[in-house]
Every structure is written in C-alpha cells, then in structure tokens.
**Student:** 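First the structure, then my questions, so here it is.
Predicted, not measured: the structure shown is a model, and the values here were computed from it.
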Amino acid sequence: MALKDYHKKRKFDETSEPKGKTKKSKNQLIFVVQRHAATRLHYDFRLEMEGVLKSWAVPKGPSLNPQDKRLAMMVEDHPYDYKDFEGNIPEGNYGAGQVEIWDSGTYEPLEENSKLSDEKELLKELHTGSLKFILHGKKLKGEFALVKMKNTEDNAWLLIKHKDDFAESSYDAEENTSPKSLVTQFLEEKKSLKKSEKKKS
C-alpha cells in the first residue's frame with residue numbers, strides 16, 4: 001500500500017492533515033510545492049504519480065537558476081488530497097509546524113517521443129533515477145530535472161532547473177514568498193518567543 005508509511009507516521013485524531021486515499025487527476029498530472037516550517041524551514045516538492053504525491057523535502061527551496069543544484073530528500077508518498085493542505089500540524093506530531101502552498105500547477109514529461117503514457121514515462125524515469133519534466137506553475141515554469149545522487153543515501157536527489165526561457169541568473173524561493181505568509185508569521189512568533197524565554201532565564 002503506497003500510503004502505509006504516511007498513515008503510520010500520523011495521528012489523525014490530532015492533525016488536520018488528510019488521511020486520503022489513492023486518487024487521480026482527471027486530465028493533467030498535478031504538482032504542488034508546500035513551504036513548511038517544521039524543525040527547520042524547508043519546501044516540500046510533490047509530483048502526482050500512481051494516484052499519490054511522490055514527495056521530496058528541499059531544504060533551500062526550488063530555484064529557477066540552472067547553476068543551483070538543490071538537494072531534495074525523497075520522503076514517503078503523500079495522499080493526492082495533500083495538494084490542498086495548508087495549516088498547522090500540532091506539537092508532538094510528525095512534521096509539527098506550519099504549512100502553506102507556495103506554488104502549484106500541472107506538469108508533464110519532457111520526453112515527447114515516448115510510446116508510453118505521460119505517467120508511465122515518468123514512473124520509468126523515477127525508477128531509473130533521472131526524471132525530466134516541464135512544470136506549468138505560477139512561479140515554477142519550464143524544464144526541470146530530478147536526479148538521484150549516486151554513492152549517497154538512497155533518498156538523496158538533486159532538483160535542477162534546465163536552461164530555457166524561464167531560467168533566471170539568480171533566484172531565492174524565500175524572496176518569492178507572499179508578504180502575508182502565515183509560515184513567515186509562524187517563524188517570527190517562534191523567534192520572538194525564544195527571545196522572551198531567553199530574557200526570562
């Protein structure tokens with residue numbers, strides 16, 4: 001069962017995260033990037049495949065600069081319904097902290113001449129450790145690759161932007177975050193709480 005690890009790690013009587021089942025988009029495959037202030041701030045990069053969201057934690061966030069090779073640690077599959085999840089994961093729960101959607105859209109394989117369906121082509125590339133795809137997001141657009149790192153931990157990948165019309169010479173995901181971000185607010189509150197605790201001690 002694809003979501004066994006996901007369910008095992010969560011207490012659904014405490015967290016508002018979706019239990020979710022395997023589900024598919026009607027037309028095009030979707031992707032979502034969630035900004036997640038947990039123990040450390042990171043970005044969760046998720047691609048729909050086989051009715052679930054294949055997921056990678058990207059510590060520095062995605063980049064539109066082809067020079068940036070972003071470390072992406074593959075984590076457990078998430079349910080399709082997680083694509084809409086925003087909110088707080090309570091203390092004492094796995095991934096406790098604040099989550100918001102940073103970007104979302106549809107995606108497709110870069111390979112045009114494959115005899116396989118889009119999804120089967122992507123699954124084949126996932127298994128070979130070299131995924132090439134086109135993102136149609138609000139922030140992330142154009143060609144990207146996810147490449148599995150050799151001679152490292154099993155789950156270490158690199159998220160890389162290809163050189164195309166959407167590439168930028170300099171890019172910081174944090175600078176492309178809404179000023180009204182609840183995750184930023186959560187981080188600031190956490191910081192001021194730490195400061196006041198230090199003063200007390």
**Student:** Side-chain contact, heavy-atom cut-off 4.5 Å: D77 with K54?
**Tutor:** yes

**Student:** Assigning hydrophobic clusters by single linkage (Ile, Leu, Val, Met, Phe, Trp, Tyr; side-chain heavy-atom cutoff under 4.5 Å), is L53 placed with F85?
**Tutor:** yes

**Student:** Indicate if M149 and I160 have the same hydrophobic cluster label, given that clusters are the connected sets of ILVMFWY residues with side-chain heavy-atom separations under 4.5 angstrom.
**Tutor:** yes

**Student:** For a quick test of reading the model, state the closest non-hydrogen atom pair linking Y80 to S25 and the distance between them.
**Tutor:** OH-OG, 2.9 Å

**Student:** Please determine, by modelled atom types, if E17 and Y82 share a side-chain donor-acceptor pair under 3.5 angstrom.
**Tutor:** yes

**Student:** As a quick check of understanding, evaluate side chain to side chain contact (heavy atoms under 4.5 Å, CB included) for L146 and F45, giving each step before the final call.
**Tutor:** CA-CA 11 Å; L146 263 168; F45 185 82; 4.0 Å; yes

**Student:** May I ask you to check whether over 12 heavy atoms, not counting those of K163, lie within 6.0 Å of atom NZ?
**Tutor:** no

**Student:** So do the side chains of W102 and N176 get within less than 4.5 Å of each other, counting heavy atoms only?
**Tutor:** yes

**Student:** Is any NZ, NE, NH1 or NH2 atom of the basic residue among K124 and E121 found under 4.0 Å from an Asp or Glu carboxylate oxygen of the other?
**Tutor:** yes

**Student:** Between D68 (side chain) and L64 (backbone), is there a donor-acceptor pair under 3.5 Å?
**Tutor:** no

**Student:** Hey, quick one: are L140 and L158 part of the same hydrophobic cluster, counting side-chain heavy atoms closer than 4.5 Å, chains of contacts allowed?
**Tutor:** no

**Student:** Is there a donor-acceptor contact under 3.5 Å from the side chain of S130 to the main chain of T128?
**Tutor:** no

**Student:** Which heavy atom in A96 sits nearest to a heavy atom in G92, and how many Å separate them?
**Tutor:** CB-N, 4.3 Å

**Student:** How many angstroms lie between OG in S63 and CG in L159, if you round to the nearest 0.5 Å?
**Tutor:** 8.5 Å

**Student:** Is there side-chain contact between L71 and K60, with at least one heavy-atom pair below 4.5 Å?
**Tutor:** no

**Student:** Evaluate whether atom CG of D84 has more than 12 neighbouring non-hydrogen atoms of other residues, nucleotides or ligands under 6.0 angstrom away.
**Tutor:** yes

**Student:** Determine, for E48 against K83, whether the closest basic-nitrogen to carboxylate-oxygen distance falls under 4.0 angstrom.
**Tutor:** no

**Student:** Would you call R10 and E76 a salt bridge, taking side-chain N to carboxylate O under 4.0 Å as the test?
**Tutor:** yes

**Student:** Would M49 and V147 show up in the same hydrophobic cluster when neighbours are defined by side-chain heavy atoms closer than 4.5 Å?
**Tutor:** no

**Student:** Determine whether more than 12 heavy atoms belonging to other residues, nucleotides or ligands lie under 6.0 Å from atom CD of Q67.
**Tutor:** no

**Student:** For the pair E86 (side chain) and I101 (backbone), establish whether a donor and an acceptor sit closer than 3.5 Å, ignoring hydrogens and angles.
**Tutor:** yes

**Student:** Rounded to the nearest 0.5 Å, how far does CG of L182 lie from NZ of K180?
**Tutor:** 11.0 Å

**Student:** How are the rings of Y6 and F12 set relative to one another: parallel (under 30°), tilted (30 to 60°) or perpendicular (over 60°)?
**Tutor:** tilted

**Student:** Measuring from K120:NZ to L126:CG, what's the distance to the nearest 0.5 Å?
**Tutor:** 15.0 Å

**Student:** Using modelled atom types and a 3.5 Å cut-off, is there a donor and acceptor pairing between side-chain atoms of K161 and backbone atoms of E143?
**Tutor:** yes

**Student:** Would you check, one step at a time, whether the test side chain to side chain contact (heavy atoms under 4.5 Å, CB included) holds for Y43 with E174?
**Tutor:** CA-CA 10 Å; Y43 289 71; E174 283 298 286; 2.4 Å; yes

**Student:** Working to the nearest 0.5 angstrom, can you tell me the gap between Y107 OH and F31 CZ?
**Tutor:** 10.5 Å

**Student:** Is a side-chain donor or acceptor of D103 paired with a backbone partner of K139 at a separation under 3.5 angstrom?
**Tutor:** yes

**Student:** Hey, is the main chain of K132 close enough, under 3.5 Å, to the side chain of E125 for a donor-acceptor pair?
**Tutor:** yes

**Student:** Check the pair E111 / L116 against side chain to side chain contact (heavy atoms under 4.5 Å, CB included), numbers first and verdict last.
**Tutor:** CA-CA 10 Å; E111 176 59 65; L116 302 169; over 6 Å; no

**Student:** If you define the side chain from C-beta out and look only at heavy atoms, does anything of P79 sit under 4.5 Å from L3?
**Tutor:** yes

**Student:** Counting N and O atoms only, with roles assigned by atom type, does the side chain of Y94 sit under 3.5 Å from a partner on the main chain of I89, one being a donor and the other an acceptor?
**Tutor:** no

**Student:** Any chain of hydrophobic side-chain contacts (each under 4.5 Å) joining I134 to I30?
**Tutor:** no

**Student:** Rounded to the nearest 0.5 Å, what's the gap from OH on Y171 to CZ on F166? Could you check?
**Tutor:** 13.0 Å

**Student:** Just by distance, no angles: are the side chains of N65 and E168 close enough, under 3.5 Å, to form a donor-acceptor pair?
**Tutor:** no

**Student:** Say whether, by atom type as modelled, one donor and one acceptor occur between the side chain of T177 and the main chain of A173 under 3.5 angstrom.
**Tutor:** yes

**Student:** Given side chains that start at C-beta, do those of H136 and E108 come closer than 4.5 Å, heavy atoms only?
**Tutor:** yes

**Student:** Grab the two heavy atoms, one from P59 and one from A57, that are nearest each other, plus how far apart they are.
**Tutor:** CD-O, 3.5 Å

**Student:** In terms of the angle between their ring planes, are H36 and H42 parallel, tilted or perpendicular, with boundaries placed at 30° and 60°?
**Tutor:** tilted

**Student:** How long is the gap from CG on D81 to NZ on K21, to the nearest 0.5 Å?
**Tutor:** 9.5 Å

**Student:** Any side-chain heavy atom of K138 sitting closer than 4.5 Å to one from S104?
**Tutor:** yes

**Student:** Go through the steps for L122 and L47 under the test side chain to side chain contact (heavy atoms under 4.5 Å, CB included), then give the verdict.
**Tutor:** CA-CA 10 Å; L122 290 157; L47 298 173; over 6 Å; no

**Student:** Using only atom types and a distance under 3.5 Å, with no angle test, would you say the side chain of D5 pairs donor to acceptor with the backbone of K8?
**Tutor:** no

